[in-house]
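Labels below follow one simple rule: chain letters A, B, ... track the order of the sequence lines, proteins then strands, and each chain is numbered from 1. For the numbers below, each heavy atom of this structure counts, side chains included, while hydrogens, waters and symmetry mates do not.
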Number of protein chains: 2
Amino acid sequence: MTQTKVNVEKEFLEYVKKMVHVNEAIGLMYWDLRTGAPKKGVEQRSEVIGTLSSDVFAMSTSDEMKNFIAELSKPEVHDTLSDVTKKTLEEVKKDFERNAKIPPAEFKEYVILQSKAENVWEEAKKNSDFSLFQPYLEKLVEFNKKFIEYWGYEENKYNTLLDMYEPGVTVEILDETFSKLRDRIVPLLQKVTEAGQPETKFLFEHFPKDKQKEFSLHVLKDMGYDFDSGRLDETVHPFAIGLNPGDVRVTTKYMENDFRTAVFGTIHEGGHALYEQNISEELVGTPLCSGTSMGIHESQSLFWENFVGRHFGFWKNHYSTLKSVSGSQFHGVELEDFYRSINVVEPSLIRIEADEMTYPLHVIVRYEIEKGLFNDEIEVKDLPRIWNEKMQEYIGVTPKNDAEGVLQDVHWSGGSFGYFPSYALGYIYAAQLKDAMVKDIPDFDSLVESGNLIPIKEWLTKNVHQYGKMKKPIEILKDVTGEGLNPDHLIAYFEKKYSDIYRLNG
Amino acid sequence: MTQTKVNVEKEFLEYVKKMVHVNEAIGLMYWDLRTGAPKKGVEQRSEVIGTLSSDVFAMSTSDEMKNFIAELSKPEVHDTLSDVTKKTLEEVKKDFERNAKIPPAEFKEYVILQSKAENVWEEAKKNSDFSLFQPYLEKLVEFNKKFIEYWGYEENKYNTLLDMYEPGVTVEILDETFSKLRDRIVPLLQKVTEAGQPETKFLFEHFPKDKQKEFSLHVLKDMGYDFDSGRLDETVHPFAIGLNPGDVRVTTKYMENDFRTAVFGTIHEGGHALYEQNISEELVGTPLCSGTSMGIHESQSLFWENFVGRHFGFWKNHYSTLKSVSGSQFHGVELEDFYRSINVVEPSLIRIEADEMTYPLHVIVRYEIEKGLFNDEIEVKDLPRIWNEKMQEYIGVTPKNDAEGVLQDVHWSGGSFGYFPSYALGYIYAAQLKDAMVKDIPDFDSLVESGNLIPIKEWLTKNVHQYGKMKKPIEILKDVTGEGLNPDHLIAYFEKKYSDIYRLNG
């Protein structure tokens, strides 16, 4: 019996490792496509990615996988498994059940629809015409509703979608959290808008690309990013990708008339990368060797981007370097004014260009719409109108057209519903982690000011990074902060920070 | 019947395409490892490559493959196959038979030996001590002798190894060809050595890396290398790699005290790349979509490196650009003197640093040794002595130690016997192609001089590139030149060129 168990466990881990290996190859091809693959090879490369992805999908739903799950789930066997194997089993079982419940013909039809819908969305956005995209979006929503029926749901249909990206987070939790957040941000935003904006025009002078790169590399190094386990490349839509903890790549984009894109983008992606670089070695070769959820991942990137990169002390330390690297751009601009300029809050239409305070409002708009769609309270055809109304209500701006409104994001065209909330959760988690960190590291501010960011990285590794998927998001949160999801920390941070910057109490 | 045949043919091509796809992913990982993969990720990446390679190997020897081969080889089915399918079948069948004949346990033992032997060779070379490597080399030779017994051989055991790299080439052919070549080069080399060397010291001044890159890109473009189907990167040991015809990458190495490494290296790898970029679209997704043999591949790189890149007319066109790019390096150096300096012939010890005339002699030394080993005329233990004797006899130099003698090349440590002759064949083929080309393009010299290299590329595409593996090396040669392997063309080229450069008739 024990002999059998040992063999099955070993064979299972070997089987799973093969899937991880194929995924690593796919990851490298993805990185390559986005950082310099020759354009005439792209079509063929996409086919290769398709072949390898089908392979992994087939392995995840095979009879062999079914047998592994059945065998290792027997209580007398399960009890003897290592913790890593148990968690691995849990992961693959979740995937297996999700994938196995959808009839293959329907899944195939859905995959074809996804790829068509992305093309149509591009066209619709280009022409700013939602009606082109509408029938595709309707079908995508219908498919997902059917899938929810296959998968089953608790309390609310939308919960099943949320669970795919942020296990444990529900509509009940989000309704409470987001409404609190919204109710506190909206009036604060109102005050800020009335207070008058700081000067920002010095931000937009010509800052040469190679100089931006020099500064970006400098900051990544300070953050404790390990260049022996990664590299920095240029791309159009920046991302970080963990191929394995020894190879976690950051990409960035250099805009010569706005250095903020590269600098804050690099810090943001660097935060994602630190997560992937510092996952425990014992998880390598298992599906646990990656961030535990989209939200926790985003908490890491936002922690670095906002709590470090937009911290006054950070610029007290780095401003002179930025000045000398840039040439004469910031000549005569005081540190204080520079700091205010990079923390401008301004209602705007496009999510990915939003500042940290209005950003969660953009997410809440999408959350409410998605929830409505899956609870049959909103119809796809009404989306442009509903979108614009909510934007006006929460952010105080109304899109002039669909391209800068409901069509702005790619996510829905790929059938990704339930994903958007993770972005706002990242902000909330980050603020909670920050307050917990300060209890352990009371001199946080002076560390940032002195440029010694390593203790910060180490705290995050100890409390978050190392676990990979061994802990669920909510476990991480509870173990570190002693509480569940709580937007108060983020709200308090906004109220303090922006009262100072906008001199609301002055 | 026809229905069945169509299905089997289609399924077979799908099966083979999957192998091609996995190989493309492996190729990209290989390129990445050699152009900038983070060092801490290398071990894990090697495992991923191992997993994918085992996968392809398993597919090439599977029962499914066996059934495809059996089914498609039935005369009534075979007659109905397309030419591409027939050739594809021939390729995979050859692999299948070779791999299936070796008992798996022995093959595994051999793979482990290979990987150990490479490490030991490195150590032995570092310490310049052949005795460390000797027992491993003995085992590698023994294994290959056993494999030859499994595979069978005609006339000469070494033929079986030669056939793996250069199908159709035999000991009988090489003995005749190489002895003729050697007998004509050795006395020519003697005369050259006595004639006194041209000035070369201006070659070794500081030439900044980015300027070398600029010039290298310029030359690649002139050659007709398609940058939408490729890119140029830096590496330690330069290579070109064809992932698919739309993605063929060149790598080079910049030595700031010797620009020749990058310039001639880029032209050389560019020649390989042009081959892979211009294979017919209809072969994409089959194992035929790559160069037909090592020798023909090398003929393409050497054609460009020597017949174009070391041509007087090429520099008549490009010397002023090189001068302006380099700054003041060639100030006061006449074109004629520059041309002579880059065509210096000099007996030397290291194959990869040899000039075009002595290079084939380095290969002949290795050929004679390999042939002797596999015909039981030479023992591994005597290699250092035999090596040194042959080097003295053919090239007129004697290594001071094993590192610059018998241990210099990596090939044997990986069990690659029968590969070296391809390098010399590349020279011979290239000279034959050149003489054939001149019949079609009588103004070859003026094209090179005018910088219009496209007709040259197009001629090579029409006569060589497009076919991929649809034609065997000897077929290409016969179809283009009307004759078989013939070293006279290369000899005539050497005699003419070096009589001029060294003013032997002056």
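Proximity to chain A is absent for every atom of B/E43, based on heavy atoms less than 4.5 angstrom apart. Looking at B/D228, both its backbone and its side chain come within 4.5 Å of chain A, counting heavy atoms on both sides.
Scanning all heavy atoms of the two residues, the minimum distance from B/E47 to A/K17 falls at OE1-NZ, 4.0 Å.
Under a 4.0 Å N-O distance rule, the pair A/R249/B/D32 qualifies as a salt bridge. Of the charged side-chain nitrogens involved, none lies within less than 4.0 Å of a carboxylate oxygen, so that A/D247 and B/K40 do not count as a salt-bridged pair.
If you take NZ on A/K18 and CG on B/L52, they are separated by 8.0 Å, rounding to the nearest 0.5 Å.
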| field | Evaluation steps, side chain to side chain contact (heavy atoms under 4.5 Å, CB included), between A/E24 and B/M29 | value | CA-CA 10 Å; A/E24 180 165 328; B/M29 290 191 276; 5.9 Å; no
| task | Test side chain to side chain contact (heavy atoms under 4.5 Å, CB included) on B/R45 and A/L28 and set out the steps. | result | CA-CA 10 Å; B/R45 186 66 31 80; A/L28 183 70; 4.2 Å; yes
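The local environment of NE2 in A/H206 is crowded, with over 12 non-hydrogen atoms from other residues, nucleotides or ligands closer than 6.0 Å.
The candidate from A/G285, A/S54, A/S229 with the greatest count of non-hydrogen atom pairs under 4.5 Å with chain B is A/S229. Of the residues considered (A/G246, A/G41, A/P38, A/G50), A/P38 shows the highest number of contacts with chain B, using heavy-atom pairs under 4.5 Å. In terms of heavy-atom pairs under 4.5 Å with chain A, the best-connected choice from B/V22, B/D55, B/I26, B/V42 is B/D55. Ranked by heavy-atom pairs shorter than 4.5 Å toward chain B, the options A/V284, A/L243, A/T51, A/V48 are led by A/V48.
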